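Model, not experiment: these values are computed from the prediction. In what follows, every chain begins at residue 1, and chains take the letters A, B, ... in the order their sequences are listed.
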2 protein chains.
Amino acid sequence: MNDVKRPVTLDDISKRAKVSKMTVSRVLTGKGQVAPKTREKINKIIDELGYQPNLLARSLSSQKTSIIGVVLNKREHMFMFDYTTKVLSGIMDVAIENDYQLMLCPISADKDTSGEYEKLARSRMLDGVILLKRKEGDPHISELIDLNFPFVMLNYKKFSEDISFVDSENFHGAQIAVEHLYGKGHRKIAFVRGRIGETNSNDRYLGYQGALSDLGLEFREEWVINGDFNQEKAYSECSKLLDLDDMPTAIFCADDNMALGVMRRLQEQGLKIPEDMAVVGFDDIQFGTISTPTLTTVRQPIYEIGRRGMEVLLHLINSNEPKATHELLPVELVKREST
Amino acid sequence: MNDVKRPVTLDDISKRAKVSKMTVSRVLTGKGQVAPKTREKINKIIDELGYQPNLLARSLSSQKTSIIGVVLNKREHMFMFDYTTKVLSGIMDVAIENDYQLMLCPISADKDTSGEYEKLARSRMLDGVILLKRKEGDPHISELIDLNFPFVMLNYKKFSEDISFVDSENFHGAQIAVEHLYGKGHRKIAFVRGRIGETNSNDRYLGYQGALSDLGLEFREEWVINGDFNQEKAYSECSKLLDLDDMPTAIFCADDNMALGVMRRLQEQGLKIPEDMAVVGFDDIQFGTISTPTLTTVRQPIYEIGRRGMEVLLHLINSNEPKATHELLPVELVKREST
DNA sequence: TTGAAAGCGCTAACAA
DNA sequence: TTGTTAGCGCTTTCAA
């Protein structure tokens with residue numbers, strides 16, 4: 001048994017200071033009036049005894065824990081380390097600034113997770129949750145809504161008054177990617193789709209189509225392949241484009257990972273990038289800065305999304321009449337060697 | 001105010017089932033005997049009412065939270081996303097298997113963090129902590145030891161009976177890297193050191209020196225440069241090697257990040273890798289698999305370190321007479337194009 | 001400005 | 001097999 005010494009409690013302090021526990025509690029939390037002299041005396045004893053509040057007891061009593069759950073896709077996050085690290089950093093920085101703690105809540109993205117969100121909410125351990133990259137129309141979100149439990153979705157978009165989200169301008173991002181290629185002289189632009197069923201993926205597809213139409217370019221079914229936000233899938237599917245009689249001259253990929261897969265395939269085929277085929281990605285992951293050639297891409301402000309997400313959640317938690325917030329953060333084209 | 005409906009409590013269940021709270025508690029925790037019939041009746045009511053235990057109350061009463069704190073270097077983890085993600089995955093998988101939760105505890109690696117560990121321990125929120133990549137001889141570890149609070153250090157080595165750690169065979173890893181270069185015909189082998197003051201870094205340096213001596217190779221001060229586990233630093237310091245009259249023919253870097261910086265510098269100088277200069281790294285990060293050339297490296301089992309670390313910690317927590325565990329996991333040479 | 005009493009929801013220890 | 005009692009350490013509410 002690890003018998004940690006019996007910790008100092010409020011009671012110890014109050015007895016030593018010859019005041020009630022309540023007075024000590026007031027000093028500790030800063031709420032309520034305490035005579036300066038009393039306060040001083042108590043503070044001194046707190047220091048002497050090295051008192052630390054028992055957060056469990058405090059939370060049980062006050063019905064607030066100052067802990068936020070971060071729901072991430074159980075296994076998938078391994079393949080999105082760039083994303084996970086950046087978004088967590090943003091969330092974490094705001095958490096630190098506001099004295100909140102972060103709890104990791106891995107939940108499967110595929111299996112039936114019915115009841116999982118409700119469990120989190122009802123555990124009373126969390127004041128709110130941030131959901132990362134959940135699937136479109138996740139049916140279990142209603143568990144959170146029904147319980148009126150504060151939550152924010154990141155990299156997810158749904159204009160519902162029951163759902164707060166922070167996402168980036170995916171539609172616009174796809175547009176500027178296509179316009180950039182157009183500016184470089186390309187007229188036959190292919191698209192590699194992301195996972196069907198993620199709102200991000202859909203918006204980028206719509207942005208691609210919208211831009212083609214705005215620019216008077218042709219849209220062809222066979223120039224659209226499905227990469228599933230998966231590098232290997234994009235790598236193999238890419239062959240379909242290369243087998244075409246009328247090949248595109250540029251490929252816009254719904255994320256950088258797929259762009260990397262596509263570039264690998266092109267290079268194996270002996271094609272020069274960007275001379276024979278231009279490539280644009282989406283995200284701006286670090287790999288794209290050291291790949292050969294370096295990757296032109298649409299930068300998403302992931303760190304900022306994390307920050308804003310946490311800010312929105314804290315507002316939801318602490319405001320008297322919370323209202324769902326919908327935010328789309330701006331994206332930016334980063335020109336590199338692949339175009 | 002978010003007025004979540006009043007949650008169902010043990011009391012509600014017990015009244016409805018016409019048994020005492022204790023009996024319900026027994027059904028819930030699985031400890032103690034309960035008549036099958038009673039159990040069945042209670043379980044039914046639990047389902048009906050959608051009861052979820054209040055973890056706060058349970059923890060306060062039982063003095064166990066089933067939450068583990070993961071202490072990571074506050075800002076630094078941003079630059080080690082590969083490491084952080086892998087090690088967290090390992091920790092998380094074992095946590096899930098054992099019904100533990102993970103709490104992120106960012107603590108600065110540089111500033112004075114006196115009292116921070118103690119705060120974690122005394123908060124009563126955590127059953128134990130895992131410390132990632134802390135500096136050698138971190139003076140505040142004693143706070144944990146004095147409180148007899150369970151903790152494990154990862155990627156840290158100190159043979160003390162007060163400290164449990166899981167690390168990889170850094171010394172041996174450096175040896176096989178040098179031996180590999182020797183096998184390729186190299187006799188003048190330079191070394192790029194990591195951060196002075198991390199045990200990993202020191203061990204790799206010692207392994208390098210040991211291997212040179214075993215192989216009867218010359219050790220020269222000017223063939224050792226300091227990269228501080230920092231890609232840019234390695235990039236710039238690398239010039240010192242190139243300015244030498246008697247240049248080495250191979251460079252062994254204490255981590256992959258630095259190796260990437262070194263390769264960049266070499267290529268800018270017009271040197272061919274591995275023809276003009278061979279390069280070996282340490283870690284096996286993903287970048288090394290797609291760089292040009294791909295990087296020969298010593299693979300550390302980071303995911304495994306995370307797993308073992310969590311297992312060791314759980315043992316420490318749940319064993320009656322815990323004893324510090326010291327583990328060095330095996331490393332492995334991964335041959336690629338850079339040698 | 002301070003204090004007393006009650007309770008947050010659960011479990012440990014003991015008793016029946 | 002089941003129940004009773006007594007907390008865990010804090011905050012809330014109300015009274016002084």
Phosphate OP1/OP2 of [N]: any [X] side-chain N/O under 4.0 Å:
X	N	value
B:T9	C:dG9	no
B:S20	D:dT2	no
A:S62	D:dT11	no
B:T23	D:dG3	yes
A:Y51	D:dC10	yes
A:R58	D:dG9	no
A:S61	C:dG7	no

Without decimals, in angstroms, what is the distance between [X] [atom1] and [N] [atom2]?
X	N	atom1	atom2	answer
A:L10	D:dC8	CG	C1'	13 Å
A:K15	C:dT2	NZ	C1'	18 Å
A:L55	D:dG9	CG	P	13 Å
B:Q63	D:dC8	CD	C1'	6 Å
B:D12	C:dG9	CG	P	9 Å
B:L60	C:dG7	CG	C1'	12 Å
B:L56	C:dG7	CG	C1'	14 Å
A:K21	D:dT11	NZ	P	10 Å

Is a side-chain N or O of B:S319 found less than 3.5 angstrom from the main chain of B:L316, in a donor-acceptor match?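 No.
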
Touch class at under 4.0 angstrom, heavy-atom based, for B:T38 against every strand present: sugar-phosphate

Regarding B:T29, tell me which of base, sugar-phosphate or nothing describes its non-hydrogen contacts under 4.0 Å with the strands shown. sugar-phosphate

Any side-chain heavy-atom pair from [X] and [Y] closer than 4.5 angstrom?
X	Y	result
B:R16	B:L49	yes
A:K158	A:T199	no
B:N155	B:Y83	yes

Among the nucleotides D:dT1, D:dG3, C:dT2, whichever has the atom closest to the side chain of A:A35 is C:dT2

Both B:K31 and A:M22 contact DNA chain C. Taking the nearest nucleotide for each, which residue is further toward the 5' end? A:M22

Are there over 12 heavy-atom neighbours, none belonging to B:K64, within less than 6.0 Å of that residue's NZ?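 Result for NZ/B:K64: enclosed.
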
If you find the nucleotide of DNA chain D closest to B:R26 and the one closest to A:N54, which residue's nucleotide is nearer the 5' end? B:R26

